[in-house]
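Beneath this line is the structure, given in structure tokens, with notes to follow.
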Amino acid sequence: MINFRYHVVSLTAVFLALAIGLVVGTAALNGPVADSLEGQVTGLRKDNQNWRQQVNNMEKQLALEEDFAEEISQVILPGTLTGRRVLVLTLPNGRDHTEGVLKKLQQAGATLTGRVELQDKFINPDNNTNLLELAVTAARPTAQTTGLPGNGHGVETSSALLASVLLDRPQGVAPVSDADRRAVLAAYNNAGYLTTDNNKVTGSAEAVVVVSGQPYVDKDSDKRDESVVKIAEQFDRTGSIVVAGKGSVGGNLVSVVRGDPVLAQTISTVDNANTVQGQLVTSLALVEQLTEKKAGQYGVGDNAPSLLPRLPQ
């Protein structure tokens with residue numbers, strides 16, 4: 001009969017054999033395998049160091065290019081926009097680089113009539129009806145809703161009303177009074193659709209820089225991107241416009257304008273306005289718009305014909 005002692009001896013023999021096999025196998029393979037692994041690790045370490053060095057070099061090169069753009073802007077920009085009245089309109093996805101765009105406009109001598117920042121609420125498709133109603137209730141004697149779009153799109157209608165009070169009226173049309181301009185902006189401000197810098201807009205502008213960013217990626221992204229385009233279209237109907245964006249793919253405002261043969265004829269775009277170089281080019285594109293009545297598409301994207309417009313004389 002097989003007893004408990006027999007099982008203990010058998011199991012002990014099995015584990016002893018496994019231990020001897022591991023020792024023998026390790027001894028036989030330890031040299032070649034270890035050498036091979038050590039060589040691979042050394043190679044990967046060198047590759048990693050090389051990639052890290054390349055990244056550091058690229059970051060240093062980018063920083064130098066930004067420094068160059070900053071210095072050259074001090075030579076090129078002063079006086080190029082002196083006496084020109086410019087509005088800065090920031091979209092919700094363009095807030096990060098608005099300050100840089102403003103700095104270059106001021107360096108060029110532009111007179112900033114105001115800084116208006118649209119809120120996420122303005123392009124939220126859930127607020128379509130409210131925006132339509134607000135466009136009617138916010139109207140004032142010199143800022144009527146007559147002639148505004150009537151297709152039921154709240155962002156488009158409200159954008160048209162805002163453009164009519166923030167930009168110059170067409171020749172032959174009576175200008176908006178300061179009191180009515182303030183009243184319209186206050187209506188949208190109080191409802192949480194926009195904010196203005198120090199709640200102050202000094203008058204109408206002859207041109208607008210729309211600061212935008214990358215495309216939306218939420219469930220309503222298509223509708224939001226569409227609304228952003230309608231904002232630009234309405235301001236384009238009223239004055240000169242440059243879109244200072246970030247990137248030029250994925251359906252953001254820059255890519256839509258460049259892909260539309262009609263919009264591209266009147267709206268200038270800059271796809272790297274998140275950099276000093278792009279902020280410099282934004283001001284130069286505005287100079288081109290105002291002095292030559294010409295639109296251009298500039299930046300580093302594949303769909304940008306050139307890096308910057310012809311320098312002003």
Distance alone, cut at 3.5 Å: any donor-acceptor contact between the side chains of S306 and Y298?
no
Output for pair (K200 NZ, T113 OG1), nearest 0.5 Å, gives 11.5 Å
**Message:** Does either side chain, that of N151 or that of E156, offer a donor lying less than 3.5 Å from an acceptor on the other one?
**Reply:** yes
Correct closest heavy-atom pair for L253 and A232 would be CD1-CB, 4.0 Å
Output for pair (E226 CD, I231 CD1), nearest 0.5 Å, gives 11.0 Å
Within one Ile-Leu-Val-Met-Phe-Trp-Tyr cluster: V270 and I72, side-chain cutoff 4.5 Å = yes
Taking every heavy atom of R224 against every heavy atom of P125, the minimum-distance pair comes out as CG-CD, 4.3 Å
Between S227 and H153 the two heavy atoms that sit nearest each other are OG-CE1, 3.7 Å
| message | Keeping T238 on the side-chain end and S164 on the backbone end, is there a donor-acceptor pair under 3.5 Å? | response | no
Next on the checklist: Could you check whether any side-chain N or O of R95 sits under 3.5 Å from a backbone N or O of N93, counting only pairs where one atom can act as donor and the other as acceptor?
Outcome noted: no
So OG of S240 and CZ of F235: to nearest 0.5 Å the spacing works out to 13.5 Å
Check whether F122 and V201 end up in the same hydrophobic cluster, where Ile, Leu, Val, Met, Phe, Trp and Tyr are linked by side-chain heavy atoms less than 4.5 Å apart.
yes
Given side chains that start at C-beta, do those of D271 and R258 come closer than 4.5 Å, heavy atoms only? yes
- Query: Side chains of Q234 and P149: closer than 4.5 Å at any heavy-atom pair?
  - Reply: yes
| task | Report yes or no: do V116 and V184 belong to one cluster of Ile/Leu/Val/Met/Phe/Trp/Tyr joined by side chain heavy-atom distances under 4.5 Å? | result | yes
Using side-chain contact (heavy atoms from CB on, under 4.5 Å), reason through L118 and T195 one step at a time and then give a plain yes or no.
CA-CA 7 Å; L118 297 181; T195 58; over 6 Å; no
As a quick check of understanding, evaluate side-chain contact (heavy atoms from CB on, under 4.5 Å) for R84 and T291, giving each step before the final call.
CA-CA 10 Å; R84 297 294 192 170; T291 60; 4.1 Å; yes
| task | Could you check if a side-chain atom of R169 sits within less than 4.5 angstrom of a side-chain atom of V176, using non-hydrogen atoms only? | result | yes
query: Do side-chain atoms of T157 reach the backbone of G154 as a donor and acceptor pair under 3.5 angstrom?
result: no
Exercise. Is there side-chain contact between V229 and D225, with at least one heavy-atom pair below 4.5 Å?
Worked result: no
Exercise for the section: Report whether L308 and I76 are members of the same hydrophobic cluster (ILVMFWY, side-chain heavy atoms less than 4.5 Å apart, transitive linking). Expected result: yes
Heavy-atom closest pair (G251 atom, V256 atom, distance to 0.1 Å) is O-CG2, 3.7 Å
If we ignore hydrogens and angles and just use 3.5 Å, is the side chain of N272 paired with the main-chain N or O of T275 as donor and acceptor? no
Margin query: With a 4.0 Å cut-off on N to O distance, would you call E70 and K104 a salt bridge?
Written below: yes
Open item on the list: Looking at A186, is its backbone amide N or carbonyl O close enough to the side chain of N190 to form a donor-acceptor pair, meaning the two atoms are under 3.5 Å apart?
Closed with: yes
Quiz prompt | Side-chain donor/acceptor of D218 to backbone N/O of S221, under 3.5 Å | solution = yes
field: Short side-chain to backbone donor-acceptor contact, N303 and S248, under 3.5 Å
entry: yes
Separation between OH (Y216) and NZ (K223), nearest 0.5 Å, reads 15.5 Å
- Query: Between the side chain of Q289 and the main-chain N/O of I241, is any donor-acceptor distance below 3.5 Å?
  - Reply: yes
Margin query: Would you say that more than 12 heavy atoms from the other residues, nucleotides or ligands in this model lie under 6.0 Å from the NZ of K121, or not?
Written below: yes
message = Looking at R85 and D168, is there a salt bridge between them, counting it only when a charged N and a carboxylate O are closer than 4.0 Å?
response = yes
Hey, quick one: are L284 and F68 part of the same hydrophobic cluster, counting side-chain heavy atoms closer than 4.5 Å, chains of contacts allowed?
yes
Could you tell me whether the side chain of D180 reaches within less than 4.5 Å of the side chain of V165, counting heavy atoms only? no
Q) Does the side chain of N252 pick up a donor-acceptor pair with the side chain of S255 at under 3.5 Å? A) yes
Query raised in the report: Quick one: does L81's side chain get under 4.5 Å of V287's, heavy atoms only?
Result: yes
- Message: Does L91 form a side-chain contact (heavy atoms from CB on, under 4.5 Å) with I123? I'd like the steps, not just the answer.
- Response: CA-CA 9 Å; L91 301 180; I123 61 170; 6.0 Å; no
- Is it true that a side-chain atom of Q119 and a backbone atom of G192 form a donor plus acceptor pair closer than 3.5 Å? no
Is any side-chain heavy atom of Y188 closer than 4.5 Å to a side-chain heavy atom of L131? yes
**Request:** Give a yes or no on this: more than 12 heavy atoms of other residues, nucleotides or ligands lie within 6.0 Å of atom CZ of R237.
**Result:** no
If we count only N and O atoms by modelled type, under 3.5 Å, do the side chains of S268 and E288 hold a donor and an acceptor together?
no
Taken to the nearest 0.5 Å, the spacing of R140 CZ from L161 CG works out to 10.0 Å
dist H97:NE2 -> S212:OG (nearest 0.5 Å) comes out at 6.0 Å
- Query: Heavy-atom distance under 4.5 Å between the side chains of V208 and V86, does that happen here?
  - Reply: no
- Query: Would you call R181 and D178 a salt bridge, taking side-chain N to carboxylate O under 4.0 Å as the test?
  - Reply: yes
_Can a donor-acceptor pair be found, under 3.5 Å and without considering hydrogens, that links the side chain of T98 to the backbone of G94?_
yes
Under the criterion side-chain contact (heavy atoms from CB on, under 4.5 Å), I'd like the reasoning laid out for N128 against V155: C-alpha separation, chi angles, the key distance, then a yes or no. CA-CA 7 Å; N128 182 70; V155 169; 5.9 Å; no
